[in-house]
> 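If you scroll down you'll find the structure; I have some questions about it.
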Amino acid sequence: MSQFLTKEREQTAMFVGAIPSAIIGSLGAALARLFSPLVGVLRDKYGHPLMVGPRDIGSKSVWTLGVCENLNETDAPRGTCDSSSIRDWLIDNGGVPIGNRKDQLSIYSRTSHPVFIESIEAEILNRSTNTFSVIAASPPAGAVDVVWVGIDLSQGADNCPVEVVDDGSMTWTKRPYFEHHILTVESGSEQPLMVVSRTSGDTVKWRLLIKYRVRGRVRTLSYSAPKNEPLVTSDVRDSSRYWLAGVAGLNKWPWVRTVPRRDIFPGDNAD
């Protein structure tokens, strides 16, 4: 009999103890419903209702970099390392990616209202025409990534984003993208965006400005590389040397060797 009384007391205590928890839970839910719209209004007015970040577009094992620093093949890292070690070493010494830059972004809405992206543009921070001492590349491989809009950063060019067709040769059209489209990011949804940038005869440091409208107000969101570093787009320029760099063998031993220009740019007849 005492066992049943003990069990009954325990159940009663659990029930009584659950009452404050239920009250607190209900009160918290009610407060959340009350203040959530206010938080949304304050965020939309004083913060950014949009978030933008990079999307993974696959392997970075295929690359071509231009380096202004006077480096030697023997300076390259030695020992067992992964396939990105030489690329990282070149970038640490001022190397910049050459050719069309592709930034696949993810734009995410944090607001309960639709956000209308009306335009994007490039804010150029720096332009350089310094001569490359080395142009280095990994062994050729891989396929062309899907692209969406393109921005030409060349001196004197219109930075207006245009439609780019991924037809194997990356055809740039003259159709301004946002004259014919508005991207709508619904509440809690995500909008992928591929931005392709190019320049001619120089290296450009820049950042992307995304102009959008929410609750009738026009806002601007800035996008840069990780650690708030500028985006970098560079064109091919003459170089005194051309390197092919990679990793070979089971131990992933890095190697660098000087090659003719045509080994880096097979479609280019210049040497």
> Please check if Ile91 and Leu125 belong to a single hydrophobic cluster, counting links between Ile, Leu, Val, Met, Phe, Trp and Tyr side chain heavy atoms closer than 4.5 Å.
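No, Ile91 does not connect to Leu125 through the hydrophobic network.
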
> Under 4.5 Å between any side-chain heavy atoms of Phe178 and Pro161, yes or no?
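They are in side-chain contact.
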
> After noting the C-alpha distance and the side-chain angles of Trp63 and Leu90, does the key distance pass the side-chain contact (heavy atoms from CB on, under 4.5 Å) rule?
CA-CA 11 Å; Trp63 45 264; Leu90 291 169; 3.9 Å; yes

> Do you know which two heavy atoms are closest between Val214 and Pro114, and how far apart they sit?
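Scanning both residues, the minimum pair turns out to be CG2-O, 3.9 Å.
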
> Looking only at side chains, do Ser187 and Ser109 share a donor and an acceptor under 3.5 Å apart?
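No, Ser109 and Ser187 have no side-chain donor paired with an acceptor closer than 3.5 Å.
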
> Does any donor atom in the side chain of Thr203 or Arg237 lie under 3.5 Å from an acceptor atom in the other side chain?
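Arg237 and Thr203 do have a side-chain donor-acceptor pair below 3.5 Å.
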
> Can you give me the closest heavy-atom contact between Asn100 and Val196, atom names plus distance?
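In this case the closest contact between Asn100 and Val196 is CB-CG1, 3.9 Å.
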
> How many angstroms lie between atom CD of Gln155 and atom OG of Ser200, to the nearest 0.5 angstrom?
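Those atoms lie 10.5 Å apart.
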
> Which value, rounded to the nearest 0.5 Å, describes the distance between Leu153 atom CG and Asn159 atom CG?
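One gets 6.0 Å once the value is rounded to the nearest 0.5 Å.
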
> Do Glu186 and Thr111 have side-chain heavy atoms sitting under 4.5 Å apart?
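The answer is no; the side chains never approach within 4.5 Å.
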
> When you measure from the centre of the six-membered ring of Trp172, is the NZ or CZ of Arg198 under 6.0 Å away and within 45° of the axis?
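Judged by the rule, Arg198 and Trp172 form a cation-pi pair.
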
> Taking all heavy atoms of Pro230 and all of Ala225, pick out the closest pair and write down the distance.
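Heavy-atom minimum between the residues: O-CB, 3.9 Å.
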
> Go through Asp263 and Tyr242 one step at a time and tell me if the side-chain contact (heavy atoms from CB on, under 4.5 Å) criterion holds.
CA-CA 9 Å; Asp263 286 5; Tyr242 296 88; over 6 Å; no

> Could you grab the distance from atom CG of Asn130 to atom SG of Cys68, nearest 0.5 Å is fine?
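Those atoms lie 5.0 Å apart.
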
> Any non-hydrogen side-chain atom of Leu231 less than 4.5 Å from a side-chain atom of Tyr223?
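Yes - at least one pair of side-chain heavy atoms lies under 4.5 Å apart.
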
> Going by the rule side-chain hydrogen bond (donor to acceptor under 3.5 Å, both in side chains), which residues pair with Asp202 if we only count those two or more places apart in sequence or in a different chain?
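Partners of Asp202 by the side-chain hydrogen bond (donor to acceptor under 3.5 Å, both in side chains) criterion, ordered by chain and then number, come out as Arg127, Thr199.
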
> Give a yes-or-no answer on whether the side chains of Tyr212 and Arg219 include a donor-acceptor pair shorter than 3.5 Å.
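No, Arg219 and Tyr212 have no side-chain donor paired with an acceptor closer than 3.5 Å.
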
> Checking Glu69 now: which residues fulfil salt bridge (Lys or Arg N to Asp or Glu O under 4.0 Å) with it, not counting sequence neighbours?
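Residues passing salt bridge (Lys or Arg N to Asp or Glu O under 4.0 Å) with Glu69: none at all.
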
> To the nearest 0.5 Å, how far apart are CD in Glu179 and SG in Cys160?
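One finds 6.0 Å between CD of Glu179 and SG of Cys160.
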
> Hydrophobic clusters here meaning ILVMFWY residues chained together by side-chain heavy-atom distances under 4.5 Å, can you tell me if Trp255 and Ile264 are in one?
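Result: yes, single cluster for both.
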
> If the threshold is 4.0 Å, N to carboxylate O, is there a salt bridge linking Arg101 and Asp103?
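Salt bridge flag = yes for Asp103 with Arg101.
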
> Going by heavy atoms in the side chains, are Leu183 and Phe116 under 4.5 Å from each other?
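Of all side-chain heavy-atom pairs linking Phe116 with Leu183, none is under 4.5 Å.
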
> Spell out, yes or no, whether Val218 and Ile210 are grouped together once hydrophobic residues are joined by side-chain heavy atoms under 4.5 Å, including indirect joins.
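Val218 and Ile210: separate clusters.
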
> Testing the basics here: between Ser133 and Ser240, what is the closest heavy-atom pair and its distance to 0.1 Å?
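Looking at all heavy atoms of both residues, the closest pair is O-OG, 2.8 Å.
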
> Determine the interplanar angle of the Trp89 and Trp243 rings, folded into 0 to 90°, and report it as parallel if under 30°, tilted if 30 to 60°, perpendicular if over 60°.
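Judged by the thresholds at 30° and 60°, the geometry between Trp89 and Trp243 is parallel.
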
> Evaluate side-chain contact (heavy atoms from CB on, under 4.5 Å) for Val195 paired with Ile151, printing each intermediate quantity in order.
CA-CA 7 Å; Val195 179; Ile151 300 179; 4.1 Å; yes

> Look at the side chain of Arg241 and the backbone N and O of Leu71, then say whether any donor-acceptor pair between them is shorter than 3.5 Å.
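Yes.
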
> Can you name the nearest heavy-atom pair linking Leu209 to Thr220, along with the distance?
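Residues Leu209 and Thr220, closest heavy atoms: CB-CG2, 4.0 Å.
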
> To check you understand the geometry: which heavy-atom pair defines the closest contact between Tyr108 and Val185, and what is its length?
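Here Tyr108 and Val185 meet closest at C-CG1, 4.5 Å.
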
> With sequence neighbours left out, what residues match Asn93 under side-chain hydrogen bond (donor to acceptor under 3.5 Å, both in side chains)?
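Once residues adjacent in sequence are excluded, Asn93 has no partner under the side-chain hydrogen bond (donor to acceptor under 3.5 Å, both in side chains) criterion.
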
> For the pair Glu163 and His181, evaluate side-chain contact (heavy atoms from CB on, under 4.5 Å) and give the outcome as yes or no after the intermediate values.
CA-CA 10 Å; Glu163 296 181 27; His181 306 82; 3.3 Å; yes

> Any salt bridge between Lys211 and Glu118, counting N to O under 4.0 Å?
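No, no charged N to carboxylate O under 4.0 Å.
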
> Mind checking whether Leu208 and Ile120 have side chains closer than 4.5 Å, heavy atoms only?
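A side-chain contact under 4.5 Å exists here.
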
> Determine whether Val164 and Val149 make a side-chain contact, defined as any pair of heavy atoms from C-beta on separated by less than 4.5 Å.
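No, every pair of side-chain atoms sits at 4.5 Å or beyond.
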
> Of Val96, Leu65, Asp238, which is the lone residue that meets side chain to side chain contact (heavy atoms under 4.5 Å, CB included) with Phe132?
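Running side chain to side chain contact (heavy atoms under 4.5 Å, CB included) over Val96, Leu65, Asp238 with Phe132 returns exactly one hit, Val96.
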
